[in-house]
Undergrad: 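One structure, pasted below without further comment.
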2 protein chains.
Amino acid sequence: MSGIRKRSSGATLRDVASDAGVSFSAVSKALRNAYGVSDSMRLRVQASAERLGYRPHAAARGLRGKTFTLGVLVSDLHNSFFSEIFGGVSDTASMAGYQAMLGVGQVQPVVENAVIDAMIDRQMDGLLLVAPSMSPADLEIVAEEVPTVVIGVHLPHATSFDTVNNDDETGARLVVRHLQEQSISDIAFFTLAGLPEARGTTLEFRERGYRDEMQLLGLQQHIQVVGASMDSGEIRSAALRLLSGKRRPRAVFCWTDYAAFEVIGVAKELGLSLPEDLVVVGYDNTPYCALPQHSLTSIDQFGQLLGQQATRLLLERVAGRTSPEHFVVKPTLVTRDSTVIIKPSVSSNL
Amino acid sequence: MSGIRKRSSGATLRDVASDAGVSFSAVSKALRNAYGVSDSMRLRVQASAERLGYRPHAAARGLRGKTFTLGVLVSDLHNSFFSEIFGGVSDTASMAGYQAMLGVGQVQPVVENAVIDAMIDRQMDGLLLVAPSMSPADLEIVAEEVPTVVIGVHLPHATSFDTVNNDDETGARLVVRHLQEQSISDIAFFTLAGLPEARGTTLEFRERGYRDEMQLLGLQQHIQVVGASMDSGEIRSAALRLLSGKRRPRAVFCWTDYAAFEVIGVAKELGLSLPEDLVVVGYDNTPYCALPQHSLTSIDQFGQLLGQQATRLLLERVAGRTSPEHFVVKPTLVTRDSTVIIKPSVSSNL
DNA sequence: CACGTTATATACAACGTTTTCCAAACAAGC
DNA sequence: GCTTGTTTGGAAAACGTTGTATATAACGTG
């Protein structure tokens, strides 16, 4: 019930050693289940350690061995998709005796670098970079220094780090196909603009999937791509231009849910009714999608799974693997009212 | 432009020393601007350090002195209010040469304790606990061990740590008064249920403010409090009970924005129109409130400012202050369409 | 019984800092 | 020129681990 550990013990290896009547290096080995320790001693040592509330001093450890800490860099806390990823990371890490610590890069390469430096300085055993905005070259530099796994950047030929992604191209295709099945062909893609440079990013792949599938279905004349930064105001004005222009599309497929919500907002302000006049689709399937006032069709990319797999790979790298692995999960379309034209009879499914 | 630091230098104090032609302890002092170093030497050392790309080894530092790391514990990443706080923390910390690292407590005291332990083990110089769900007694235990500042728990008499809060009571009063000015008197309060225990929490204060102000305005017969956990399903069923029951209120004041969004959703499903049939108010003024489909009136508690002040206090504690300080910021009501009955003429204010 | 061969436990040298204590150098006061 | 004091730089002892090298004991084998 209490839960909280009796602290301020400050017991060190030496204290445990003198309590158990053995040498302090014996304690070190006994507690790490190292080779060359008799069962009787291990038991005695463990008992003493337990009683004294011994906890290894991470800084001291960091000086010689591992710190059992993983650094996770996310670009933006506001995107609740990242929270989902972190959930998977945190669980998997703690089950392996590691602790995950989060840093925030604010989508600015400068800040990202500072955070990464800080993590390396603190001797973190491995780094998990979620949707970093730095260049592949810089990623290589980081990966050279410390075991690294990257989520959200498609670099299947990277050798010095692993990548974990959802198949963004397929995700985008699913959307286009779904809309076409609803007899909607005039589909625009709303992307994120103003990023440093072409980066092998998820955005590229989503856009490519969109373009390719449009082409495949013979809808190439309807291809239309607009973009805005992450700023709410910019998203709104881009959406306004798109929806009040003369080429207003029948559907808008947004690179992330939040952008979709803004688009829906602008549409409402323009007096458009959804889904009759306009259909909107998002990406990430964040919790807000399920709210009836949005009921937003979206692509689920299984953030938790992504986090788990990435952590698994990272721990493998920390353990010594050097050959690269690239994990891709198939995304799923979650259809909701925002794109289902013919509504089902009654039902207010709570 | 490049930005990324030349890594893998691995330069240590000794390397810098031999490069500059001085002893390594001289380097240590020179770089920390310690007493007893001539200007000429300081300059020479700084030049060498710069050239070799020297970075202090945090683990080694942790063994003797500070780690220049602050641990931030948040209960739940999904609440984007916390992101806002962290923004303020991060900025203030890095300006003082500190790095903030985030841990997530999942609203479970067990996990919270594990994360706190991990932070203490890693010799973090101070802890910033955001809306922790642990007991005041446990907070004291933690604070005894390491400089601590708590955000989001009202304990104005705590001596071993500082607190930073918005004035939840006033916030709630603002809401009630605002609604009454709109001639709405039948106001219910929607709170968070199923927490460990009474904790001196923000919830308590919001509820108290609500009750007191209702009383003051002579609306005591309309006082009605319902609650649900953080789970979306539970919120929805509680909202359904409230809104379809015979005592359906005219307004629902929710302890946090997300709950308000769920309530709005349920209301829509029930065919209620807002704001004519029902009025909803939230707390935190998260970015989603501004979306036209919500246009949710909410209380802004200035998360960024909260984070900045908390960090300032924490750094003071790290520097040695032991007398407690308790900072309170006045919240502000941000009115939006969800509660403004008579709509302004035209305007689609983008 | 000398002689490897295993087991087991200890000693001790790192690891990269911070900090205390000392020595050297130099100036000032008599 | 001798104390006294005040800078300035260096030597060395922590800090709490890990990991390697070494000592000791126990145990067959030839």
Side-chain angles (χ1 to χ4, degrees), chain A residues 8-46 48-49 52-69 97 118 120-125 318-320, chain B residues 8-46 48-49 52-69 97 118 120-125 318-320:
Chain A
S8 74
S9 49
T12 129
L13 272 188
R14 292 194 146 79
D15 300 329
V16 178
S18 78
D19 182 86
V22 294
S23 78
F24 83 93
S25 36
V27 175
S28 170
K29 296 206 275 199
L31 292 179
R32 283 175 301 127
N33 293 319
Y35 175 80
V37 181
S38 67
D39 289 351
S40 73
M41 185 172 94
R42 189 191 320 286
L43 256 49
R44 202 147 39 100
V45 167
Q46 281 170 344
S48 290
L52 269 57
Y54 168 77
R55 307 213 91 209
H57 190 293
R61 271 189 163 170
L63 217 44
R64 294 287 293 157
K66 326 189 131 308
T67 57
F68 294 94
T69 310
I120 294 177
D121 291 346
R122 283 161 185 74
Q123 304 298 112
M124 299 199 169
D125 296 332
V318 169
Chain B
S8 73
S9 49
T12 131
L13 272 188
R14 292 193 146 79
D15 300 329
V16 178
S18 77
D19 182 85
V22 295
S23 78
F24 83 95
S25 37
V27 175
S28 170
K29 294 202 275 198
L31 292 178
R32 283 175 302 121
N33 294 320
Y35 176 80
V37 182
S38 67
D39 289 350
S40 72
M41 184 171 96
R42 189 193 320 285
L43 255 50
R44 201 147 37 100
V45 166
Q46 281 169 346
S48 292
L52 270 56
Y54 168 77
R55 306 213 93 209
H57 189 294
R61 269 190 163 170
L63 217 44
R64 292 287 293 160
K66 325 188 132 307
T67 56
F68 295 94
T69 310
I120 294 178
D121 291 346
R122 283 161 184 74
Q123 304 299 113
M124 300 199 168
D125 296 332
V318 168

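Below, chains carry the letters A, B, ... as their sequence lines are ordered, and counting in each starts from 1.
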Undergrad: Hey, what do you get for CE (A/Met41) to CD (A/Gln46), rounding to the nearest 0.5 Å?
TA: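 Going from the CE atom of A/Met41 to the CD atom of A/Gln46 covers 10.5 Å.
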Undergrad: According to a strict under-4.0 Å criterion, is A/Arg32 in side-chain N/O contact with OP1 or OP2 of D/dT18?
TA: yes
Undergrad: By nearest heavy atom, map B/Phe24 and A/Met41 onto DNA chain C; which one lands nearer the 5' end?
TA: A/Met41
Undergrad: Scan A/Thr12 against the nucleic acid and name what it touches under 4.0 Å (heavy atoms): base, sugar-phosphate only, or nothing.
TA: sugar-phosphate
Undergrad: With respect to the phosphate group of D/dT7, does any side-chain polar atom (N or O) of B/Ser38 fall under 4.0 Å of OP1 or OP2?
TA: no
Undergrad: Can you see if the side chain of B/Ser23 gets near the phosphate of D/dA11 - specifically, an N or O under 4.0 Å from OP1 or OP2?
TA: no
Undergrad: Record whether the side chain of A/Lys29 comes under 3.5 Å of the base of C/dT10 through a donor-acceptor pair of N or O atoms.
TA: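 Side chain to base: pair present.
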Undergrad: Mind calculating the distance between CZ (A/Arg64) and P (C/dC15) to the nearest angstrom?
TA: 7 Å
Undergrad: Would you mind telling me which residue lines up with the more 5' stretch of DNA chain D, A/Ala59 or B/Gly21, judged by nearest nucleotide?
TA: B/Gly21
Undergrad: Quick check for you: to the nearest 0.5 Å, what is the distance between B/Thr67 atom OG1 and A/Gln123 atom CD?
TA: 12.5 Å
Undergrad: What's the NE2-P distance between B/His57 and C/dT18, to the nearest Å?
TA: 12 Å
Undergrad: Figure out the CG/P separation between A/Leu13 and C/dC12, and round it to whole Å.
TA: 17 Å
Undergrad: Nearest-Å distance, CZ (B/Arg122) to C1' (D/dG16)?
TA: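 For the pair B/Arg122 CZ and D/dG16 C1', the rounded distance is 15 Å.
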Undergrad: Which residue lies toward the 5' end of DNA chain D, B/Asp39 or A/Leu63, if each is placed at its nearest nucleotide?
TA: B/Asp39
Undergrad: Which whole-number value in Å describes the distance from A/Gln123 CD to C/dC15 P?
TA: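 Taking CD of A/Gln123 and P of C/dC15, I get 13 Å after rounding.
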Undergrad: Compare side-chain N and O positions of B/Ser25 against OP1 and OP2 of C/dT17 and report whether any pair is under 4.0 Å apart.
TA: no
Undergrad: So which of A/Asp19, A/Asp15, A/Leu31 actually passes side chain to side chain contact (heavy atoms under 4.5 Å, CB included) with A/Tyr54?
TA: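 Exactly one option meets the side chain to side chain contact (heavy atoms under 4.5 Å, CB included) with A/Tyr54, and it is A/Leu31.
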Undergrad: Tell me whether the OP1 or OP2 atom of C/dT18 has a side-chain N or O from B/Tyr35 closer than 4.0 Å.
TA: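 Indeed not, no polar side-chain atom of B/Tyr35 lies that close.
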Undergrad: Rounded to the nearest 0.5 Å, what's the gap from NZ on B/Lys29 to CZ on B/Phe24? Could you check?
TA: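 Here the interatomic distance stands at 11.0 Å.
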Undergrad: For C/dG16, does either OP1 or OP2 sit under 4.0 Å from a side-chain N or O belonging to B/Arg14?
TA: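 Answer no for this pair, as no side-chain N or O of B/Arg14 is under 4.0 Å from OP1 or OP2.
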Undergrad: Does either side chain, that of A/Arg122 or that of B/Thr69, offer a donor lying less than 3.5 Å from an acceptor on the other one?
TA: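 Their side chains do contain a donor-acceptor pair, which is all the 3.5 Å distance test asks for.
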Undergrad: May I have the distance from B/Lys66 (atom NZ) to C/dT19 (atom C1'), rounded to whole angstrom?
TA: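 Atom-to-atom, B/Lys66 to C/dT19, this comes out as 14 Å.
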